[in-house]
Amino acid sequence: MNKNMNTNNHYPQGQDFRHVLNARYRVATVWQTLFLSALLIAIISLMALIYNVVDGAFGYIAYEYKNDPSEFTSTPLAELTQEELAAILKENLSSGAYKKLNNEQPVAERSQADLFTLFMERLVQLDTKGTWSMTDSLMNGEEIRAEVAKKYPKAQLEFRSWLTPQFLVTPMSSKAEFAGVRTAVLGSLWLVGIAILFALPIGTGAAIYLQEYAPKNWFTSIIQTNINNLAGVPSIVYGMLGLAIFVRVLEPLTSGALFGVTDSNGRTILSAGLTMGVLVLPLIIINAQEAIKAVPDSLRQAAYGVGATRWQTVWYHVLPNSLPGILTGSILALSRALGETAPLIVVGASTFISLDPSGPFSKFTALPIQIYQWTTRAQSEFHAIAAGAIIVLLVLLLSLNATAVLLRNRFQRRW
Amino acid sequence: MEKNYAIESNKLSIHYGHFTAVRDVSIKIEPQKITAIIGPSGCGKSTLLRALNRMNDFVPGCHVTGELLLQGQNLYGRDIDPVEVRRKIGMVFQKPNPFPKSIYENIAWGARINGFKGKMDDLVEQSLRSAALWDEVKDKLQESAYALSGGQQQRLCIARTIAIQPEIILMDEPASALDPISTLRIEELMQELKKNYTIIIVTHNMQQAARASDFTAMMMIDDQRAGGVIEFDETKKIFTRPQDKRTEDYVTGRFG
C-alpha cells in the first residue's frame, strides 16, 4: 500500500506522545490507589473485628466469695480431689439438692472439674462484682484497683483470660465464670457434619444432572434461575421451612420415634442439620456446576472417542477433575452452616443445655446460639465469655476450612 | 459385483436447528486407504468428519438426515447405539487431548471400559508400538501423559484409538498444533496404520493432503452457506487434473 499515507498520521508524536503517555499513567495511578485503599479498608475492618473480640475475652474481674472456702475444707482450692469434693458436696448441700444432682448424673461419676464448679457455684457462691475489657484493664489498671477497693473491700481483683482450656471442655452453666462451650462446640460439629453429609452428595448429584444430562430448554433454565435465587434467600426462611418440614411433618423420623427413641420431639440435631443442609444446598450446587463446567470439553470428547458411555465419561473423568472445585464449594457451605443462627432458633435450639449431644436425635445447641444467648444477658461477665466463644467459633471455622483445603489439595493431583 | 467400501454416505446432510451446515454428501470411502477432506475454513469439513462417528450427537440442535452406511448398516438408524459406532470408528482430535492420567492408563482405560479381556500390558505395548511411541515411553509408562511433548501426546492419542481396535480412524487436523517434524512423524505413522485401518483425515494443509492421502474430497460452501463435497477423486487427480474450476483454484493456491 501507499507508504506515504503513514507520514501524516493522526497519532501524537515525540513530546506529544509522552504527554499522552503520562496522562495514561496518571489515570492508572489513581485507580491503583483506589484499589489499594479498598484493600486497606477491608484489612482495617477485619482487624477492628478481631481486636473487639479479643478485647472482650481478656481482662480484670472483681469477685467475692459469699462463703469462704475455708469454711468447707482446709485443703487449698487448687489441690481438691474428686473424692474430697464429692464428700464436701454431700455434707453441705441440702439432701434434696444433692438427690437432684445425683439423679442428673451420679456424683461419684462426675469429673473433678464438674464437682469443683458445683462446689464454687453452690457452696462458696462466687459473686462477680464486675469485669473490664482488656484495653481498659491494661490502660487504667490503677483506677480499677482503687475503685474496686473502695466499692467492694472484700472483693478480689484478678486479670483473667476467659478463654481457657477449661472453657472448651466444660458444659454450659448458669454462672458465667464456670460456663464452657463444650456442648455448643459438639452441637455445632454434629450440625455441620449432618448438613454436609446431606447436602454434598445431593448437591453434587443435582449439579451433574443439570450440567451433563439435562437438556437446555425453558424448564431447566427456570430451575437454574431458581437455584441461583435460592442461594440468596434469607436464612430465617429456611428456618421456617425446617420447622414445617423436618420438625413437624417428618417428626417420626427426626425425633427418632421410628428408630425406637422415645424421649424427644422433632426439635433434634437431625432436624437442624437437615435444615442447614437445605440452606447450603444451592451454594453447593452452584459451585459444583462451575467446577463441572470448567472441565474442558476436549476431555469429554476424548472419552466418548474411545467408546465411553455418558456415565463412564462423567464418573471417570468429569467428576474426578471437578472434585477440587466441588470441595471448594463445600468449604463455603461449611462456613455458612457453622455461622448461621436464625434458622436454628426457629428450628428450636435449646437455650440452656448441659448434656453433650449423644446422637442425631439429641436436643442441641450450637456455638452461634450460645454466643447470641450470652450477648443478650445483662451481666458483663456473660459478654466476656461470649467474646471467648466467638474466638472458639473463629478457630473452629478456620480449622474446619483448613481440613477441607487439605482434602482438596490431596484430590488436586495434577497429571 | 459391487465393490466393498469401508463407509459410504448417501445424501448425508447435517443441520443445526434450521441451518444446514453440510448438504447432500454422497461419498464412498475405500478401505485401508487414507482419504483427505480439504477445503476452506468454515466449509464443514470437521462437521462432516464428526458426523461419521456421531460425535455431533453432543451438539445441541444438531441433527442429520440421509444415510451413512457401515457394512450396509445405517449408522443413523433407529436401532443403532452411538456408543457402538464410536467404538468401531475411532477419532483423533485437532488438539492432543490425552487423559490426565498416566501413559499406561491412557491406553488401558478405553480398553477396560469396552470390556477388553486380554492381557492389558501386551495391549498397551502393542498399541504404543503401532503408534511408533513405544521406544520413547517404555520406561515411563506410569508417568503423566501431560509430560510428553505435543507430538508424542498426539501419537499417544492415536495409540489410545488403536487400542480399542476400531475399523476406521477419523483424524481432525491431527497435526495442525504440531511442529513440522512431529507432523512428518504423524504422516509416516498414517502410512503404517493404513495397512490395517481405514483413515479419514481433515486437513488445512494442502501439501499434507497431497503427500499423505490416497483419495481427496474437496469441500466448498454453496450460496446458502451450506458445505458440500464438490469433487471426490484420487488425490493424484485432484491435484493434477481437477475437474472443478473451484478445486483447481483452491489447490493451486489462487483462492482460500
Side-chain angles (χ1 to χ4, degrees), chain A residues 204 207-225 288-328 407-415, chain B residues 50 53-61 81-103 105-116 127 142-148 153 156-166 169-172 177:
Chain A
T204 310
I208 288 174
Y209 187 82
L210 279 172
Q211 252 358 87
E212 298 288 322
Y213 288 91
K216 301 270 171 282
N217 55 28
W218 63 270
F219 184 65
T220 47
S221 66
I222 285 177
I223 290 182
Q224 186 68 60
T225 315
Q289 276 187 295
E290 289 304 321
I292 290 168
K293 255 186 231 167
V295 174
D297 249 352
S298 64
L299 190 58
R300 291 184 184 83
Q301 291 183 342
Y304 291 134
V306 292
T309 61
R310 201 182 272 262
W311 169 244
Q312 286 169 325
T313 306
V314 168
W315 183 249
Y316 291 103
H317 295 292
V318 176
L319 204 52
N321 280 284
S322 53
L323 209 52
I326 293 173
L327 284 174
T328 306
L407 214 65
R408 181 183 67 188
N409 292 348
R410 262 185 72 97
F411 283 117
Q412 214 161 20
R413 185 174 172 202
R414 279 271 152 250
W415 280 96
Chain B
R50 278 152 186 270
N53 73 340
R54 299 195 57 172
M55 255 339 202
N56 280 343
D57 285 16
F58 299 109
V59 181
D81 188 333
V83 172
E84 198 182 341
V85 174
R86 288 181 217 118
R87 156 80 187 73
K88 285 181 183 162
I89 306 178
M91 187 151 198
V92 177
F93 298 86
Q94 181 169 2
K95 232 183 100 208
N97 58 350
F99 298 124
K101 293 170 182 287
S102 68
I103 294 170
E105 224 11 64
N106 256 277
I107 292 167
W109 189 75
R112 201 179 299 128
I113 59 159
N114 281 298
F116 177 72
S127 308
Q142 295 308 328
E143 282 174 33
S144 167
Y146 283 7
L148 299 175
Q153 286 187 15
L156 180 64
C157 291
I158 293 173
R160 171 177 81 189
T161 307
I162 298 169
I164 59 166
Q165 289 157 4
I169 300 175
L170 307 177
M171 297 188 178
D172 190 357

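Order of the sequence lines fixes the chain letters, A, B, ..., with proteins taken first and strands second; residue numbering starts at 1 for each chain.
Using a 4.5 Å cut-off between heavy atoms, B:Arg50 touches chain A through its side chain atoms alone. Contacts between A:Arg300 and chain B at a heavy-atom distance below 4.5 Å are absent for every atom of the residue. Heavy atoms closer than 4.5 Å to chain A are found nowhere in B:Asn53, neither backbone nor side chain.
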Verdict with reasoning, A:Leu210 to A:Ile292, per side chain to side chain contact (heavy atoms under 4.5 Å, CB included): CA-CA 10 Å; A:Leu210 279 172; A:Ile292 290 168; over 6 Å; no
Criterion side chain to side chain contact (heavy atoms under 4.5 Å, CB included) on B:Asn97 and B:Arg160, from CA distance to verdict: CA-CA 11 Å; B:Asn97 58 350; B:Arg160 171 177 81 189; 3.1 Å; yes
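The candidate with the highest count of non-hydrogen atom pairs below 4.5 Å against chain A, out of B:Leu170, B:Ile164, B:Thr161, B:Ile113, is B:Ile113. When each of A:Pro320, A:Pro215, A:Gly305 is checked for heavy-atom pairs under 4.5 Å with chain B, A:Gly305 comes out on top.
In summary, B:Glu84 and B:Arg87 do not engage in a salt bridge, as defined by a charged side-chain N under 4.0 Å from a carboxylate O.
Using cut-offs of 30° and 60° on the angle between ring planes, the pair B:Phe99 and A:His317 is parallel.
Applying the 6.0 Å contact sphere to CZ of B:Phe116 captures more than 12 heavy atoms from other residues, nucleotides or ligands.
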